Number of protein chains: 2
Amino acid sequence: MRFTKATNYALHTMLMLVDASPVKPVGVQQLAESQGVSPTYLSKILTRLVKAGMIESISGANGGYRLSRKRDDITFLDIIHAIEGTASLFECNFVHGDECLIQAVMKEAEEKMESHLKNTKLADLAQRETKV
Amino acid sequence: MRFTKATNYALHTMLMLVDASPVKPVGVQQLAESQGVSPTYLSKILTRLVKAGMIESISGANGGYRLSRKRDDITFLDIIHAIEGTASLFECNFVHGDECLIQAVMKEAEEKMESHLKNTKLADLAQRETKV
DNA sequence: CATTTAAAGACTTATTGTATCCATAATATC
DNA sequence: GATATTATGGATACAATAAGTCTTTAAATG
Ligand code: SF4
Ligand code: SF4
């Protein structure tokens with residue numbers, strides 16, 4: 001039970017894009033190099049963010065990635081959900097009705113975490129962390 | 001990023017033990033059968049709970065497992081930590097000092113979840129859920 | 001058209017989760 | 001003390017997921 005490295009890469013990349021120009025896209029090569037990850041792999045990750053509608057990609061020369069939404073709209077939870085999926089952290093094969101207390105407790109706990117991630121917008125940290 | 005099945009088994013087993021006699025131990029065979037898991041595997045999981053000091057095991061005929069602590073002392077977080085470990089959910093290879101905001105946000109989110117799991121004691125659900 | 005750059009899919013490798021098997025140790029009961 | 005019962009530990013096997021590579025295709029630039 002850990003966040004994947006892909007989530008780590010996605011968060012760092014998004015932070016860079018928030019700090020970058022909203023017009024001129026940043027190439028995946030540059031984004032990958034600063035994180036020590038291969039460009040092709042990072043590209044695969046970023047494609048999921050594109051499909052989630054958070055960033056947009058521009059093919060061709062001088063292409064790359066840039067934000068598609070207002071930076072204030074993007075929360076940590078958005079990014080994490082785009083990468084890790086939205087499935088519940090605690091899954092149980094059986095379904096013993098709504099009265100299941102174990103699931104209730106676990107769900108509540110998860111919601112506490114998600115609530116915090118939802119209330120923290122990417123813009124909150126922008127321009128304060130330029131390295132890596 | 002999901003809780004493991006082992007955590008699921010551990011939670012259900014603990015709930016049974018809370019409802020069971022605090023003196024007479026319950027055999028792993030019985031505990032395993034009601035959850036549809038093999039006794040040997042469940043035993044391996046329960047050994048971790050023993051080492052965490054939450055339950056104690058009695059070898060020999062009529063042996064098994066029973067609570068070692070007061071039931072009111074045992075929280076969801078205790079069980080989860082015993083199984084999943086206590087490592088942070090968001091790990092980063094680098095260490096860019098305390099000013100790292102990404103880690104700060106992720107850590108806070110995790111703490112929100114843990115706080116809820118810590119405040120929910122096993123005894124809160126006891127004797128209300130006897131099936132499975 | 002030639003070059004640059006992202007997208008997509010097939011594929012490989014590494015890591016972790018899930019589970020079984022067996023030998024050993026501990027305990028209760030007779 | 002002998003025997004049956006029960007948990008423990010190690011080795012091992014299998015499955016699922018994470019992590020990463022490679023190659024080809026598509027789009028944009030100039
Ligand atoms: S009691 Fe709840 S968590 Fe447990 S098996 Fe039933 S539905 Fe699942
Ligand atoms: S900025 Fe924070 S999360 Fe990112 S690499 Fe540095 S320490 Fe890790």
Side-chain angles (χ1 to χ4, degrees), chain A residues 1-13 17 20 23-33 35-68 80 82-85 87 89-93, chain B residues 1-10 12-13 17 23-33 35-68 80 82-85 87 89-93:
Chain A
M1 160 89 164
R2 263 188 218 151
F3 287 105
T4 61
K5 284 191 177 182
T7 293
N8 189 321
Y9 297 144
L11 286 173
H12 282 84
T13 303
L17 292 182
V23 179
K24 189 181 157 206
V26 183
V28 73
Q29 209 146 335
Q30 179 183 340
L31 294 166
E33 192 175 351
Q35 296 185 61
V37 60
S38 86
T40 48
Y41 185 43
L42 185 61
S43 166
K44 198 174 282 281
I45 295 167
L46 297 189
T47 299
R48 306 183 71 167
L49 298 180
V50 171
K51 287 188 174 156
M54 317 174 57
I55 61 178
E56 55 188 17
S57 63
I58 292 95
S59 278
N62 299 321
Y65 298 90
R66 69 183 170 209
L67 294 190
S68 62
I80 291 171
I83 302 298
E84 306 262 351
L89 296 188
F90 181 82
E91 290 290 351
C92 159
N93 336 26
Chain B
M1 159 85 165
R2 266 189 218 151
F3 287 105
T4 62
K5 284 190 178 183
T7 293
N8 188 321
Y9 297 144
H12 283 85
T13 302
L17 293 181
V23 180
K24 190 180 155 205
V26 184
V28 74
Q29 209 145 335
Q30 179 184 340
L31 295 166
E33 192 174 351
Q35 296 185 61
V37 60
S38 85
T40 47
Y41 184 43
L42 184 61
S43 167
K44 207 170 275 283
I45 294 168
L46 297 188
T47 299
R48 305 182 72 165
L49 298 180
V50 171
K51 289 190 172 153
M54 316 174 56
I55 61 179
E56 56 187 15
S57 64
I58 293 95
S59 279
N62 299 319
Y65 298 90
R66 69 182 171 211
L67 295 191
S68 63
I80 292 171
I83 302 299
E84 306 262 351
L89 296 188
F90 183 82
E91 290 290 353
C92 162
N93 337 26

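Each chain gets a letter, A, B and so on, in the order its sequence line appears, and its residues count up from 1. On a predicted model such as this, the values are computed, not experimentally measured, just so you know.
Of the side-chain N and O atoms in B:Tyr65, one or more sit less than 4.0 angstrom from OP1 or OP2 of D:dT8. OP1 or OP2 of D:dT8 sits under 4.0 Å from a side-chain N or O of B:Thr47.
Note on B:Phe3: nothing from the nucleic acid sits closer than 4.0 angstrom, heavy atoms only. A:Thr4 comes within 4.0 angstrom of sugar-phosphate atoms only, judged by non-hydrogen atoms across all strands, and of no base. Within the nucleic acid shown, B:Val28 comes within 4.0 Å of sugar-phosphate atoms alone, with no base atom in reach, counting heavy atoms only.
Atom CD in A:Glu33 sits about 13 Å away from atom P in C:dT5, given to the nearest Å. Here D:dG20 presents its P atom at 14 Å from CG of A:Leu46, a figure rounded to the nearest Å. Rounding to whole angstrom units, CZ of residue A:Arg2 and C1' of D:dT17 are separated by 14 Å. One interatomic measurement links the two molecules: NZ of B:Lys5 to P of D:dA15, which rounds to 13 Å at whole-angstrom precision. Residue B:Ile45 contributes atom CD1, which lies 14 Å from atom P of D:dA7 at whole-angstrom precision. The distance between atom CD of A:Gln29 and atom C1' of C:dT4, rounded to the nearest whole Å, is 10 Å. One can place CD of B:Gln35 at 11 Å from P of C:dA19, the figure rounded to the nearest angstrom. One atom, CG of A:Leu42, and another, P of C:dA6, lie 10 Å apart when rounded to the nearest Å.
Closest approach of A:Pro25 to A:Gly64, counting heavy atoms only: CB-C, 3.6 Å. Taking each heavy atom of B:Ala82 and B:Ala52 in turn, the nearest pair found is CB-CB, 3.9 Å.
Mapping A:Gly64 and B:Glu84 onto DNA chain C via the closest heavy atom, the residue that lands nearer the 5' end is A:Gly64. Nearer to the 5' terminus of DNA chain C, by closest-nucleotide assignment, is the contact made by A:Val50 (compared with the other of B:Tyr41 and A:Val50). If A:Tyr9 and B:Ser57 are placed on DNA chain D by their nearest nucleotide, the residue sitting closer to the 5' end is B:Ser57.
Taking CG from B:Leu89 and CE from A:Met1, the interatomic distance works out to 4.5 Å, rounded to the nearest 0.5 Å. Put simply, CG on B:Asn8 and CZ on A:Phe90 are 4.0 Å apart, with the number rounded to the nearest 0.5 Å. Interatomic distance, CG of B:Leu46 versus CD1 of B:Ile55, reported as 5.0 Å (0.5 Å rounding). To the nearest 0.5 Å, the span separating OG on B:Ser68 from CE on B:Met54 amounts to 8.0 Å. Considering OG1 of A:Thr7 and NZ of A:Lys5, their distance stands at 12.5 Å, rounded to 0.5 Å.
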Tabulate protein N/O versus nucleotide N/O from nucleotides 23-25 of chain D, keeping only pairs under 3.5 Å, one per line.
none

Under 3.5 Å, which N/O atoms of the protein pair with N/O atoms of nucleotides 10-13 of chain C?
from, atom 1, to, atom 2, distance (Å)
C:dA10, N6, A:Lys44, NZ, 3.3

Mind listing the N/O atom pairs, protein and nucleotides 28-30 of chain C, below 3.5 Å?
none

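Applying the side-chain contact (heavy atoms from CB on, under 4.5 Å) test between B:Tyr65 and each of B:Thr13, B:Leu17, B:Leu42, B:Val26 identifies B:Leu17 as the sole match.
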